[in-house]
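Here is the structure we will look at, set down as structure tokens.
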Amino acid sequence: MRPSDVDPAQGVFGISVAADLVGMDPQSLRLYERRGLLEPARTDGGTRRYSSDDLARLQRIGYLLAAGLNLAGIAKVLELETENARLRAALELTHDADMARTSPLTRPRSVD
DNA sequence: TTTCTAACA
DNA sequence: TGTTAGTA
């Protein structure tokens with residue numbers, strides 16, 4: 001299987017490996033999950049499986065923590081970002097490439 | 001591996 | 001408040 005065939009949304013890493021890759025402790029990863037910042041996949045046995053998307057999310061959490069936000073604030077940020085991505089994806093389906101290039105909200109208004 | 005608890009800064 | 005360590 002080629003690297004390009006790997007689904008970034010599919011969980012493959014155990015918690016120890018995932019924590020190692022992002023420079024965090026497994027305990028912190030569990031705390032983030034309990035606070036609703038993350039929801040990694042589970043094996044049949046119930047152990048966590050972190051995907052590449054999860055790792056990117058963890059690095060985002062680390063960045064926001066360093067920026068001074070607490071976990072509650074980060075949960076809110078990630079929630080809004082997720083919704084924003086969902087809305088943009090829906091917009092992409094409705095509009096053609098030309099419309100998607102400039103947001104209706106930011107497109108300059110004609111002010112005679 | 002999980003969850004819980006306590007101590008630290 | 002978030003991290004770390006110890007426990008079961």
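Lettering follows sequence order; numbering is per chain, from 1.
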Under 3.5 Å, is there an N or O donor on one side and an acceptor on the other linking the side chain of A/Q27 and the base of C/dG2? no
Compare the minimum distances between each of B/dT1, B/dC4, C/dT3 and the side chain of A/Y32, then state the nucleotide with the smallest one. C/dT3
With the threshold set at 4.0 Å, does a side-chain nitrogen-carboxylate oxygen contact exist between A/E79 and A/K76? yes
Rounded to the Å, how far apart are [X] [atom1] and [N] [atom2]?
X	N	atom1	atom2	value
A/L29	C/dT3	CG	P	10 Å
A/N70	C/dT3	CG	C1'	15 Å
A/R30	B/dT1	CZ	C1'	7 Å
A/R34	B/dC4	CZ	C1'	8 Å
A/L31	C/dT3	CG	P	7 Å
A/L37	C/dG2	CG	C1'	12 Å
A/R42	B/dT3	CZ	C1'	11 Å

Are any of [X]'s side-chain N or O atoms less than 4.0 Å away from OP1 or OP2 of [N]?
X	N	answer
A/T47	B/dT2	no
A/R35	C/dG2	yes
A/R48	B/dT3	yes

In the strands shown, is B/dT1 matched to any nucleotide by a Watson-Crick or G-U wobble pair with both distances under 3.5 Å, and which? none
Are more than 12 heavy atoms from other residues, nucleotides or ligands located less than 6.0 Å from atom CD of A/E39? no
Quickly, which of A/L29, A/L71, A/V77 forms a side-chain contact (heavy atoms from CB on, under 4.5 Å) with A/L37? Name it, please. A/L71
Between the main-chain N or O of A/S51 and the side-chain N or O of A/D54, is there a donor-acceptor pair closer than 3.5 Å? yes
